[in-house]
Amino acid sequence: MDEPKKYQTDSGQNLLPESFFLDEDVVGHARRLLGKVMVTNIDGHICRARIVETEAYRAPDDQACHAANNRRTPRTEVMFARGGHAYVYLCYGIHHLFNVVTGPEGMAHAVLIRGVEPLDNTAVMLERRQFTQLKPQLTAGPGVLAKAMGITTRLSGVFMPAVDAPVWLEDDGYLLKKNDIRIGTRVGIASAGNDAFRPWRFSISGNRWVSPRLGEGETSW
DNA sequence: CGTCCGATGAACT
DNA sequence: GTTCATCGGACGT
């Protein structure tokens, strides 16, 4: 096995390479992104947070995916780009939701990041949320974590393995055992029919920075 | 152009 | 438990 290609970032840590994102297993990507680190560089503020909760969305068959049936619109077009791009969209007119596009070009797969644990530059994250104390409400949920990290729809389309991207992903060596991963159904997609019950939500078991909402058909999480 | 509504979060009762 | 803010995208006219 060749060593995976590594890139230097300003932290000296390992940028996830393009190859990480290109296989066709988006559910696997959702699992493998648990424990990885997302980083933003917005207006010179570099913030880091560990990914603790994800969901997979898989066109064309998954009816919960914005690109279901390979529907191409100006908004979903970036989902058809090759893996490693960022897909950010506005939800309820208020919340910016951050996704990692995966798969080869033409395959509209994405992983929604639903919860992160703040690591670096938490002061800026607190300021963006108008919080004074570190607590799960700061970043446990896709809308609030985007706000804390300074992510908006302006970042949609960014290719994250590129040098000098404003948002990227790193592997800092954090290890996760199989039993550390909790699996559930995805949140807020009741209109997706049977696909609402796919077990495509993943989290780090017991982690307090996981969002509190229940998936479809669930009575506890 | 008009209408409907959403991969949410927060503030209520 | 419920309500609702707020607006771009998607689609039909």
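Both backbone and side-chain heavy atoms feed into the values below; hydrogens, waters and symmetry mates do not. Convention: sequence-line order gives letters A, B, ...; per-chain numbering from 1.
- Ring orientation note: the planes of A:Tyr89 and A:His66 are nearly perpendicular, at an angle over 60° on the 30°/60° scale.
- Dashed line: the shortest gap from a side-chain N or O of A:Thr73 to OP1 or OP2 of C:dA10 is under 4.0 Å.
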| field | Reading 5' to 3' through nucleotides 2-13 of chain B, protein heavy-atom contacts under 4.0 Å coded B for base, S for sugar-phosphate only, - for none | value | ----BBBSS---
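- Side-chain N or O atoms of A:Arg129 include one that pairs as donor or acceptor with a backbone N or O of A:Leu138 at under 3.5 Å.
- If you check B:dT8 for Watson-Crick or wobble pairing at under 3.5 angstrom, you find it paired to C:dA5.
- No donor-acceptor pair closer than 3.5 Å links the side chain of A:Ser156 to the backbone N or O of A:Thr153.
- Smallest separation of non-hydrogen atoms from A:Phe20 and A:His29: O-NE2, 3.0 Å.
- In this model, no donor atom of one side chain and acceptor atom of the other lie less than 3.5 Å apart for A:His109 and A:Asp25.
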